[in-house]
J.: 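I'd like to ask you about the structure that follows.
A quick note: this is a predicted structure, and the numbers were derived from the prediction, not measured. All ligand and atom numbering here is 1-based and tracks the order in the structure.
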Amino acid sequence: MSATVQSIDTGPEEAVAPDALTDGFHLIIDALKLNDINTIYNVPGIPITDLGRYMQGAGMRVLSFRHEQHAGYAAAIAGFLTKKPGVCMTVSAPGFLNGLTALAHATTNCYPMILISGSSEREVVDLMQGDYEEMDQLAVAKPLCKAAYRVLHAEDIGIAVARAIRSAVSGRPGGVYLDLPAQLLSQTMEAEAGANSLVKVIDPAPRQLPAPDAVERALAVLKNAKRPVIILGKGAAYAQADDDIRALVEKSGIPYLPMSMAKGLLPDTHPLSAAPARSLALKESDVVMLIGARLNWLLSHGKGKTWGDAAKQFVQIDIEPREMDSNIKIAAPVVGDIGSCVSALLAGMGDDWPVPPSDWTDKIDTKKQSNMERMAPRLQNNNVPMDFHGALGVLRTIMAERPDTVLVNEGANTLDFTRSVINMYKPRKRLDVGTWGVMGIGMGQAIAAAVETGHPVLAVEGDSAFGFSGMEVETICRYDLPICVVVFNNGGIYRGSDVNPSGGSDAATTVFVKDARYDKMIEAFGGAGYYVTSPDELKQAVNEAIDSGKPSLINAVIDETAGTESGRIGNLNPQSVVSKK
Ligand code: ADP
Ligand code: MG
């Protein structure tokens, strides 16, 4: 058979004529299925259109997006949710590059993902003779992912897929690029030899047991702590060691802080949650145990004002040995997979582990109560136009009543307020912008969350953030997914009230169309649109939308002056010392 440009115009042909032969298309499908990879997030086009068709024909779920970046974000978060590599498939050069942002994002966030891209012919690319969509994709991908492989021969497909899977999920998970030149797809080989060339990966993410002396060292540091705190990161959520992590926190009696995507690992209402007293817990602690959380910018690199002057010792559990001492000295590194490390610590704690001194836990509790009391009335306001707190007070109640709902969240103020206001009750239910704080993950993550978990999804989106992936509402409608998108519409980036400093007629750089009707976008594709201006209306609309199990978009009008510049990270904006405006 031929599988290049001609066959794309005419639809899929009969798979492979002689029974005794197989080809690149079918070997890829067989290799993925053999390894239990049955869902593909893709955008069709040359040279992978037929590959997608054959995949669907072979019973795989192939979801087609409107832009590769969103297919990529979907694959990345699917990896986080399932501990299996999420697969994104794209066309060559431009499609590949569109998918690459998500691959880099997956690697940065430690999500297992495989980006499969079709590519042009090596002979032409390497001589730079100007092939259709010519690009040395392998070289471009390499610095942005954990591993990058190119397959030139059909008989290597089995090994290549196995390597890609193992690279993505073993050790610290991350993104892997798999380059498939167009000619490979139609290469044939004997079916029996082909079947024999496939590899079912045994134990793709082997347990990594911590050294016993490392566990003892960590326990000794913890035991002497006067003001200990545990920080749970998204690595802890990824590890799916939920019961042991909860047991460790409860047995130790140590207050814990969840990083954004670790919220719900223990319910946010847990008595040991120190989240509402975060500043105090970080500043005044004397021992900090990090579980699957890096001391990167999100934790102020472990130093400075955030952490205060009190002398501190750090215990860190991570699968990646090089993470230790990356920002500050780690007194007790525990290297291994979180499941194994946490169960070793639990075993080592024995039955008479001392709880932390009560002056410390009482101090945290007092602060927590007073912060929560201060917040409560703001969440109950029914102001029109809505502010973030009024709107989120409503969503907070809805999430408490529907704890299985997956919350996708992006924006600036919308992200910061939602993270702190909405309690999570179950693990891996909060999916947000991750380590880069990237805008654009919204619809891709919402789609993957619905597809992978089968639960309803509530996507709480800033209007700017939503714009990055808004066209994927068509995808949501096409697959009839139970996704309710709430756009917090304050008419701009950070807020909608900026003015053009020149006095000219162009809108200010951060401002969008006034009174934009995002709800009409989803109506164009058959979904349900809602326009709401008060918390009461918002509550009614979200409940109705989630109950329907249908695609919906709620345009929630927020006071255009309610936001602040860059939300809580305005300090990262450089300031000009000479500009006049
Ligand atoms: P957060 O942003 O929530 O603090 P990070 O992404 O900074 O989380 O950190 C996640 C950490 O978890 C990474 O250092 C990664 O190596 C680690 N990690 C991921 N999966 C595992 C696992 N199964 N076992 C141990 N560590 C893991
Ligand atoms: Mg906005």
J.: Looking at C110, which atoms of ligand 1 are within less than 4.0 Å of one of its heavy atoms?
T.: 13 (C), 15 (C)

J.: Write out the residue and atom name of the closest protein heavy atom to atom 26 (N) of ligand 1, then the distance separating them to 0.1 Å.
T.: I319 N, 3.1 Å

J.: My understanding is that we take every heavy atom of each candidate and find the minimum distance to atom 9 (O) of ligand 1. Doing that for G235, S326, P258, G292, which one comes out nearest?
T.: G292

J.: With a heavy-atom distance limit of 4.0 Å, tell me whether A293 approaches ligand 1 through its side chain, its backbone, both, or neither.
T.: both

J.: For the 3.5 Å polar cut-off, considering only N or O atoms, please tell me whether R294 and ligand 1 meet it.
T.: yes

J.: Just one of I338, L265, L290 clears the side-chain contact (heavy atoms from CB on, under 4.5 Å) bar with L232, so which one?
T.: L265

J.: Ignoring angles and geometry beyond distance, decide whether D318 reaches within less than 3.5 Å of ligand 1 through its nitrogen or oxygen atoms.
T.: yes

J.: Side chains of S167 and Y149 only: does a donor on one sit below 3.5 Å from an acceptor on the other?
T.: yes

J.: Do you know which of K83, K200, K84 makes salt bridge (charged side-chain N to carboxylate O under 4.0 Å, His left out) with D36?
T.: K84

J.: Using a 3.5 Å cut-off on N or O atoms only, is G233 in polar contact with ligand 1?
T.: no

J.: Looking at ligand 1, does any of its N/O atoms fall within less than 3.5 Å of an N/O of Y238?
T.: no

J.: Side chains of R61 and N38: donor-acceptor distance under 3.5 Å anywhere?
T.: no

J.: Does ligand 1 have any atom that is closer than 4.0 Å to a heavy atom of A205?
T.: no

J.: Suppose we measure from atom 23 (N) of ligand 1 to each protein heavy atom; which comes out shortest, and what is that distance?
T.: A239 CB, 3.9 Å

J.: Assess, by modelled atom type and distance only, whether the side chains of T414 and N409 contain a donor and an acceptor separated by less than 3.5 Å.
T.: no

J.: Among V460, D463, L415, which residue satisfies the side-chain contact (heavy atoms from CB on, under 4.5 Å) criterion with F488?
T.: V460

J.: Regarding E320 and R294, does a basic nitrogen lie under 4.0 Å from an acidic carboxylate oxygen?
T.: no

J.: Take K305 and S300 through the side-chain hydrogen bond (donor to acceptor under 3.5 Å, both in side chains) test and state the conclusion after the steps.
T.: CA-CA 9 Å; K305 271 207 317 245; S300 308; over 6 Å; no

J.: Indicate whether any N or O donor in one side chain lies under 3.5 Å from an N or O acceptor in the other, for T269 and N423.
T.: no

J.: Under 4.0 Å, heavy atoms only, figure out whether ligand 1 is touched by the backbone of N296, its side chain, both or neither.
T.: side chain

J.: At the 4.0 Å heavy-atom cut-off, does A262 count as touching ligand 1?
T.: no

J.: Got an N/O contact under 3.5 Å between K234 and ligand 1?
T.: yes

J.: Specify side chain, backbone, both or neither for M259, according to which of its non-hydrogen atoms lie closer than 4.0 Å to ligand 1.
T.: side chain

J.: Could you check atom 25 (C) of ligand 1 against the protein and tell me its nearest heavy-atom contact, residue, atom and distance included?
T.: I338 CG1, 3.1 Å

J.: Answer with yes or no whether the side chains of Q445 and H70 bring together a donor and an acceptor at under 3.5 Å.
T.: no

